[in-house]
Colleague: 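Pasting a structure below so you can have a look.
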Amino acid sequence: MKIATWNVNSIRTRLEHITEWLQNNSIDVLCLQETKVVDKDFPRSPLEQLGYHIYISGQKSYNGVAILSQTPLQDITTGFSPILGEQPLHSQLDEQKRVITGIINGIRIVNLYVPNGSEVGSEKYEYKLQWLKVLKAYLNSLLPTPMVVCGDFNIAPEDRDIHTPEAYKGRIMASEAERQALQAIKDLGLADVFRKFTTDGGQFSWWDYRAAAFRRNLGWRIDHHYLTADLYEQATACTIDCTPRKLEKPSDHTPVIVTIPPLQS
DNA sequence: ATGGCGTATCCAATACGA
C-alpha cells in the first residue's frame, strides 16, 4: 500500500498535475495540504473519476487538507476538538483547517499541515509552537492504534534536511524549539520513515519558487511520514518523487510516498 | 536587510507562504 503526502499549494490550480500524477503512480492514499478552497468548491469529480473517495476540510484562501483514498476510510474527523474535546483552545486552533484523520485497514492516517510560523519570535511562531504542543496531545490520544502521521511539517528535523544549514541556524523551520517540539512528538513512539532508507543529505521535498532554487537543488525536507513502530518495521520504501516539481507552474512542494504491506493484522 | 515567486482575493494591492 502506497501512502503519499503532497502540499499542492491550491488544488484548483494544481488539479491537472494531481490527476496526471495519480494516473502514473499507483497511490492508495493521497494526503493533500494547502488545498485553499472551501468544501463546496473542492473539485471532487475529476478525482472521483480516478476511483478515489474524498475527505476534506477546507477554508477560503488559506490552509485546507484532504485525504483521497481508493478504499473508503472509517472514523473520519477533522481538527483537534473531536479527539481532544471541545475546549476554547482547541476550537480556536481548529479555525485553521490543518488536520484530518481516518482509518484504513486498521491503520490510522493523520494528515497535517503544520503552521509555517513566519519568523522566530513572531506571534505566528508562538502559534506554531502551541499548535505542536496540542498536536502531541492529539496524537497521544489516538495511540496505540498503528498510525501513519504525514504531511507538511514546516520543520527540518536535522541539518542534513536543509541545503545550507549554517545559513538557517536558529531560523524558522530550523529553530531549536521547533525541533524539540517535533522530537517530543516522535518520543510518543513515531519515527521518520524516510530515514529508515536514506541517510544522505541533499534530499528535499520543498524548494523556494525564487532564485531558481529547484534547479540548484536549494531545498528543504519538510514533508514527512511518521510511523508507529510496527508499521515502521514493515515499511519497504519511502521515496521523494521530484517529477511534478519539474512541470510548468508546479507546487513548490513535491510528493513523498511510503510503501507498507497492504493489510495489517 | 530586502526581495527574489506564486496563489488568493473586494481585480489592485495586499496577505501569506517557507
Side-chain angles (χ1 to χ4, degrees), chain A residues 5-18 31-43 56-66 93 95-99 111-132 135 150-179 181-182 192 194 201-224 240 242 244-256:
Chain A
T5 181
W6 190 3
N7 178 325
V8 288
N9 187 15
S10 169
I11 190 159
R12 288 176 292 181
T13 298
R14 226 65 64 196
L15 186 59
E16 286 188 20
H17 288 193
I18 297 165
C31 295
L32 299 169
Q33 304 87 35
E34 283 208 271
T35 52
K36 296 187 172 180
V37 66
V38 292
D39 292 354
K40 71 173 175 59
D41 293 331
F42 191 96
I56 55 184
S57 178
Q59 68 180 90
K60 191 164 104 174
S61 303
Y62 305 117
N63 312 312
V65 285
L93 294 177
E95 288 173 11
Q96 300 185 14
K97 305 307 180 192
R98 299 178 176 278
V99 179
N111 177 19
L112 302 173
Y113 175 45
V114 176
N116 165 286
S118 185
E119 206 176 325
V120 172
S122 68
E123 218 168 273
K124 286 177 183 168
Y125 180 73
E126 296 306 322
Y127 181 95
K128 181 178 193 174
L129 294 177
Q130 183 180 46
W131 194 94
L132 288 165
L135 174 64
C150 67
D152 176 0
F153 283 78
N154 274 319
I155 301 170
E158 299 175 274
D159 282 355
R160 61 180 162 167
D161 300 311
I162 308 173
H163 62 87
T164 313
E166 57 278 14
Y168 295 97
K169 191 173 171 57
R171 306 271 299 271
I172 196 67
M173 299 197 296
S175 73
E176 208 44 49
E178 290 168 85
R179 286 178 171 177
L182 182 57
D192 179 358
F194 182 78
Q203 303 289 309
F204 306 127
S205 63
W206 172 81
W207 300 261
D208 200 305
Y209 282 122
R210 298 165 291 187
F214 181 64
R215 183 177 56 73
R216 300 194 287 154
N217 197 29
L218 300 179
W220 295 58
R221 193 179 68 86
I222 54 176
D223 301 272
H224 315 137
I240 299 171
C242 289
R245 189 62 177 80
K246 298 172 182 168
L247 300 173
E248 292 251 329
K249 295 200 71 177
S251 169
D252 43 356
H253 297 250
T254 212
V256 186

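Values in this document were obtained by computation on a predicted structure and should not be read as measured data. Keep in mind that the numbers below use all heavy atoms, side chains included, and drop hydrogens, waters and symmetry copies. Each chain gets a letter, A, B and so on, in the order its sequence line appears, and its residues count up from 1.
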Colleague: Could you work out which one of dT9(B), dG6(B), dA18(B) sits closest to the side chain of Asn154(A)?
Modeller: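 That would be dA18(B).
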Colleague: Looking for any heavy atom pair under 4.0 Å, which part of the strands does Tyr113(A) touch: base, sugar-phosphate only, or nothing?
Modeller: sugar-phosphate
Colleague: According to a strict under-4.0 Å criterion, is Arg14(A) in side-chain N/O contact with OP1 or OP2 of dG6(B)?
Modeller: no
Colleague: When you measure from the side-chain N and O atoms of Asn9(A) to the phosphate of dT7(B), is any distance below 4.0 Å, counting only OP1 and OP2?
Modeller: no
Colleague: Whole angstrom is fine here: how far is it from NE2 in His17(A) over to C1' in dG6(B)?
Modeller: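 So the NE2-C1' distance, His17(A) to dG6(B), works out to 13 Å.
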Colleague: Contact class for Trp206(A) vs. all strands (heavy atom < 4.0 Å): base, sugar-phosphate, or nothing?
Modeller: sugar-phosphate
Colleague: Round to the nearest Å and state the distance from Ile11(A) atom CD1 to dA8(B) atom P.
Modeller: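 After rounding, the reported distance stands at 11 Å.
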Colleague: Can you check the Gln59(A) CD to dT7(B) C1' distance for me, whole Å?
Modeller: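 Rounding to the nearest Å, CD of Gln59(A) and C1' of dT7(B) are 14 Å apart.
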Colleague: Round to the nearest Å and state the distance from Tyr127(A) atom OH to dC16(B) atom C1'.
Modeller: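 It is 14 Å, rounded to the nearest whole Å.
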Colleague: May I have the distance from Gln96(A) (atom CD) to dA15(B) (atom P), rounded to whole angstrom?
Modeller: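 After rounding, the gap between these two atoms is 16 Å.
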Colleague: Whether Arg179(A) and Asp161(A) form a salt bridge (side-chain N of Lys/Arg under 4.0 Å from carboxylate O of Asp/Glu) is what I want to check.
Modeller: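 Not counted as a salt bridge, because no side-chain N and carboxylate O are separated by less than 4.0 Å.
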Colleague: If we take the P atom in both dT14(B) and dG4(B), what is their distance in whole Å?
Modeller: 14 Å
Colleague: Can Lys36(A) and Asn9(A) be counted as having a side-chain donor-acceptor contact under 3.5 angstrom?
Modeller: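 Checked: Lys36(A)/Asn9(A) side chains pair up, N/O donor to acceptor below 3.5 Å.
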Colleague: Using atom P of each nucleotide, how far apart are dC10(B) and dG6(B) to the nearest Å?
Modeller: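 Rounded to whole Å, the distance is 23 Å.
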Colleague: Return whichever of Met173(A) or Pro250(A) has its heavy-atom-nearest nucleotide of DNA chain B closer to the 5' end.
Modeller: Pro250(A)
Colleague: Let me know, please, whether Arg12(A) or Tyr62(A) comes out on the 5' side of the other along DNA chain B by nearest nucleotide.
Modeller: Arg12(A)
Colleague: Just the rounded figure in Å: distance from C1' of dT7(B) to CG of Leu32(A).
Modeller: 16 Å
Colleague: Within the structure, does a side-chain N or O atom of Lys249(A) lie under 4.0 Å from either OP1 or OP2 of dG6(B)?
Modeller: no
Colleague: Applying a 4.0 Å non-hydrogen cut-off, can you work out what Arg171(A) is touching in the nucleic acid: base, sugar-phosphate, or nothing?
Modeller: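 Touches nothing.
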Colleague: Any side-chain N or O of Tyr125(A) below 4.0 angstrom from OP1/OP2 of dG17(B)?
Modeller: no
Colleague: Ignoring the backbone of Ser61(A), work out which of dG6(B), dT9(B), dG4(B) is nearest its side chain.
Modeller: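 Nearest to the side chain of Ser61(A) among the choices is dT9(B).
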Colleague: Taking only the C1' atom of each, what is the distance from dA13(B) to dA8(B) in whole angstrom?
Modeller: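 Their C1' atoms lie roughly 12 Å apart.
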Colleague: Is there a side-chain contact between Asn63(A) and the phosphate of dG17(B), meaning an N or O under 4.0 Å from OP1 or OP2?
Modeller: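 Asn63(A) to dG17(B) OP1/OP2: no side-chain N or O under 4.0 Å.
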Colleague: Does a side-chain N or O from Thr13(A) land closer than 4.0 Å to OP1 or OP2 of dA8(B), or not?
Modeller: yes
Colleague: Using the six-membered ring wherever Trp is involved, compare the ring planes of Trp220(A) and Tyr168(A) and label them parallel, tilted or perpendicular (cut-offs 30° and 60°).
Modeller: perpendicular
Colleague: Please determine whether a side-chain nitrogen or oxygen atom of His253(A) lies at a distance below 4.0 Å from atom OP1 or OP2 of dG17(B).
Modeller: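 So the side chain of His253(A) is outside the cut-off, no N or O lying under 4.0 Å from OP1 or OP2 of dG17(B).
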Colleague: CZ of Arg245(A) versus P of dA18(B): gap in Å, rounded?
Modeller: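 Taking CZ of Arg245(A) and P of dA18(B), I get 13 Å after rounding.
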Colleague: Mind checking if Asp152(A) touches a base, just sugar-phosphate, or nothing, with heavy atoms under 4.0 Å?
Modeller: sugar-phosphate
Colleague: Can any side-chain N or O of Arg216(A) pair as donor or acceptor with the backbone N or O of Ala211(A) at less than 3.5 Å?
Modeller: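 Yes; at least one donor-acceptor contact below 3.5 Å.
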Colleague: Quickly work out the Asn116(A) CG to dC16(B) C1' distance and round it to whole Å.
Modeller: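 Taking CG of Asn116(A) and C1' of dC16(B), I get 8 Å after rounding.
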Colleague: Answer yes or no: is there a side-chain heavy-atom contact under 4.5 Å between Asn217(A) and His163(A)?
Modeller: no
Colleague: At less than 4.0 Å, is any side-chain N or O atom of Lys36(A) found next to OP1 or OP2 of dG6(B)? Yes or no.
Modeller: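 So the side chain of Lys36(A) is outside the cut-off, no N or O lying under 4.0 Å from OP1 or OP2 of dG6(B).
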Colleague: Looking at Lys128(A) and Asn116(A), would you say the former's side chain and the latter's main chain have a donor-acceptor pair under 3.5 Å?
Modeller: yes
Colleague: For nucleotides dC16(B) and dA1(B), find the distance between their P atoms and express it as a whole number of Å.
Modeller: 23 Å
Colleague: I'd like to check Asp152(A) versus Ile222(A) (side-chain heavy atoms, cut-off strictly below 4.5 Å). Are they in contact?
Modeller: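 In short, these two side chains touch, coming nearer than 4.5 Å.
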